[in-house]
Amino acid sequence: MCGIVGLYLKNKALYPQLGELFKPMLIEMTSRGPDSAGVAIYRDAVPEGELKYSLAHDETTHDWAALATALAKDLSAKARITQCDTHALLITDAPEHKVQAWLRDNATGVRLVGSGKSVEIYKETGLPEEVYARFDLASAAGKHMIGHTRMATESAVTTAGSHPFATGADLCLVHNGSLSNHNRLREELIRKGVSFGSENDSEVAAAYLTWKLRNGVSLKQALEDALDDLDGFFTFCVGTSEGFAVVRDPIACKHAVLAETDDWVAMATEYRAIASLPGSDKARIWEPKPATVYSWGDEGMNIEELARGAA
Amino acid sequence: MSTLDLQELGLRKVNSTLHNADAGEWTVSNPSGQHAIACGLDKPMTVDIQGHVGFYCAGMNQQADVTVHGHAGVGVGENMMSGVVRVKGNASQAAGATAHGGLLVIEGDASSRCGISMKGVDIVVGGSVGHMSAFMAQVGNLVICGDAGEALGDSIYEARLFVAGSVESLGADCIEKEMTPEHLATLTDLLTRAGIDADPASFRRYGSARQLYHFDIDKADAY
């Protein structure tokens with residue numbers, strides 16, 4: 001099962017309502033995935049020279065302020081941090097590779113969930129409605145969001161095994177389906193230096209894309225390569241700084257529907273997740289074709305170029 | 001005409017009201033993509049669904065004339081026996097799956113596996129269909145006014161497939177066949193009943209080569 005949803009707002013007047021519009025979409029997919037839920041929201045891009053890091057810890061009492069202070073001191077950088085339940089948002093001007101290494105070496109129990117100029121990733125176990133409330137997302141403003149409701153089949157119900165999975169700067173993946181060659185692919189990727197935080201099959205898909213993008217392959221090409229290299233069932237929704245992309249396996253095993261009006265573009269596992277959006281009754285609705293990459297984003301968004309963001 | 005507001009009444013109440021009615025003209029408002037709307041009907045009634053529906057809409061239909069004024073999710077008209085099911089928009093996968101009779105009209109495009117294992121239904125698609133349509137089709141007619149995706153009519157038994165546009169590829173044991181005057185008459189009648197304006201002369205017919213009915217060791221290479 002699992003449910004995935006994506007919403008991209010074309011009409012700027014709706015930006016302040018992004019979180020409110022997205023909430024019923026995610027909650028409607030509870031019956032497809034009641035174990036865990038997660039979202040990636042794109043908002044409040046940081047100034048040039050800084051990056052945002054979405055961090056998570058099992059304990060809500062974790063001392064995030066101490067982490068930011070120590071990181072700033074050790075890396076001689078500016079750092080500010082905001083806690084949100086089990087997650088925290090770190091913004092710093094330290095070089096990305098140094099931040100990653102510092103977190104790995106110094107921040108025991110802290111997971112780096114995602115990073116980029118504008119992406120923020122929040123995910124937890126529990127009912128989608130509860131997860132959404134924990135991270136105060138209903139009041140969130142922004143341009144686009146993707147989300148996932150999980151019914152675990154391939155690995156344990158844990159926060160680390162929840163979606164979205166980061167695949168590079170401002171890039172992340174949500175997956176509906178199951179992969180059958182994830183063990184072998186994970187081993188291959190580990191040999192190439194990619195690290196993993198869970199036993200989840202979808203994380204392998206995300207790691208595969210990360211590795212492709214790191215090697216200079218465009219997002220479109222990486223998704224097309226995934227059609228050859230990933231064995232199993234999948235509908236993927238990939239969030240980018242500009243918008244989102246959707247691709248299904250070659251036999252379109254898992255459900256997906258796309259809808260578009262003058263105000264927004266939405267994707268969901270089932271249309272009922274889209275029905276709550278304003279004007280949905282008049283939306284153009286269709287099923288994405290198998291093995292075809294669809295993408296939406298800002299005017300001029302070129303999915304071929306998106307690898308630049310992930311480099 | 002009576003209107004049933006699905007949001008207000010809920011799915012079970014809407015369906016049970018339709019099941020308990022003798023006939024009549026009904027409208028279902030606010031379908032909101034819910035599943036199994038107007039399924040299992042068995043009266044000569046008309047049901048207009050004002051919006052997009054979820055999975056299995058009008059499944060198992062008998063006698064009723066159901067129109068979806070929007071998009072239909074997976075399995076619209078699945079296992080229908082008689083009556084008419086019409087989708088004004090596009091349809092998701094497996095439209096008319098295993099259906100035994102009646103007429104299913106999709107005015108837009110149908111996704112993959114349209115008419116999978118059809119057993120006597122007539123399906124008319126105003127647009128194109130996705131891959132593996134008419135997979136294991138047994139009886140009935142599938143009319144495609146646009147294009148057909150990969151592996152059309154894979155492992156087909158006896159259904160007739162009419163395609164006006166291109167066919168990406170034919171499935172195992174599906175071949176192009178001669179369009180006789182009898183087939184042309186059937187096609188013309190179906191297009192008329194579906195209310196779809198297309199020139200019957202522009203269609204080509206496909207059907208079963210009848211090589212896969214029974215396992216034959218001499219044809220093992222073909223399986």
Side-chain angles (χ1 to χ4, degrees), chain A residues 1-5 7 21 23-32 149 176-177 227 233-235 246-261 264-292 294, chain B residues 5-7 11 28-37 49-57 68-76 87-95 106-114 116 125 127-133 135 146-151 154 168-169 171:
Chain A
M1 290 289 264
C2 296
I4 59 178
V5 283
L7 175 63
L21 292 170
K23 181 181 172 182
M25 296 182 71
L26 192 78
I27 291 172
E28 185 64 34
M29 289 292 95
T30 300
S31 56
R32 297 193 64 92
T149 63
N176 176 25
L227 290 165
F233 311 132
F234 53 86
T235 294
V246 174
V247 65
R248 303 173 84 186
D249 67 60
I251 61 167
C253 191
K254 306 306 289 189
H255 306 305
V257 68
L258 296 166
E260 186 166 17
T261 69
W264 47 261
V265 177
M267 84 78 57
T269 307
E270 297 179 29
Y271 168 75
R272 62 188 165 108
I274 295 170
S276 57
L277 293 174
S280 63
D281 53 334
K282 299 280 181 282
R284 185 169 78 92
I285 296 173
W286 75 103
E287 225 191 81
K289 290 181 179 171
T292 305
Y294 293 78
Chain B
D5 185 333
L6 196 142
Q7 213 154 34
L11 178 68
V28 176
S29 60
N30 295 313
S32 303
Q34 294 302 301
H35 299 334
I37 299 173
I49 305 172
Q50 300 293 341
H52 310 297
V53 297
F55 296 3
Y56 316 126
C57 179
V68 177
H69 295 268
H71 178 271
V74 173
V76 62
V87 179
K88 305 292 279 183
N90 300 323
S92 282
Q93 298 180 332
I106 293 148
E107 296 188 1
D109 296 330
S111 185
S112 57
R113 305 177 195 105
C114 177
I116 181 172
V125 181
S128 299
V129 299
H131 66 274
M132 295 294 275
S133 288
F135 175 51
D147 304 328
E150 276 182 287
D154 191 89
E168 197 167 337
S169 66

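Labels below follow one simple rule: chain letters A, B, ... track the order of the sequence lines, proteins then strands, and each chain is numbered from 1.
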* To do: Verify, without hydrogens or angle tests, whether H52(B) (side chain) and D281(A) (backbone) share a donor-acceptor contact under 3.5 angstrom.
  => yes
* With a 4.5 angstrom heavy-atom cut-off, which part of H35(B) approaches chain A: side chain, backbone, both or neither? -> side chain
* H71(B) (side chain) donor-acceptor with W286(A) (main chain) under 3.5 angstrom -> no
* Please state whether the side chain, the backbone, both or neither of P290(A) comes within less than 4.5 Å of a heavy atom of chain B. => side chain
* Reported CD-to-CD distance for the pair Q34(B) and E28(A), which is rounded to 0.5 angstrom -> 5.5 Å
* Measure across A252(A) and R113(B) and return the closest heavy-atom pair with its distance rounded to 0.1 Å. => O-NH1, 3.8 Å
* Quick check: are there more than 12 heavy atoms from other residues, nucleotides or ligands sitting under 6.0 Å from NZ of K254(A)? -> yes
* Quick one: do H131(B) and K289(A) satisfy side-chain contact (heavy atoms from CB on, under 4.5 Å)? Show the steps, please. => CA-CA 9 Å; H131(B) 66 274; K289(A) 290 181 179 171; over 6 Å; no
* To do: For each of S112(B), G89(B), S111(B), tally heavy-atom pairs with chain A at distances under 4.5 Å, and name the one with the top tally.
  => S111(B)
* Spacing of CZ belonging to R272(A) relative to OG belonging to S32(B), to within rounding of 0.5 Å -> 11.5 Å
* State whether the side chain of N90(B) and the backbone N or O of E287(A) hold a donor-acceptor pair below 3.5 Å, judged by distance alone. => no
* Let me know if S276(A) has heavy atoms under 4.5 Å from chain B in its side chain, its backbone, both or neither. => neither
* Asked: Where on I251(A) is there a heavy atom nearer than 4.5 Å to chain B: the side chain, the backbone, both, or neither?
  -> both
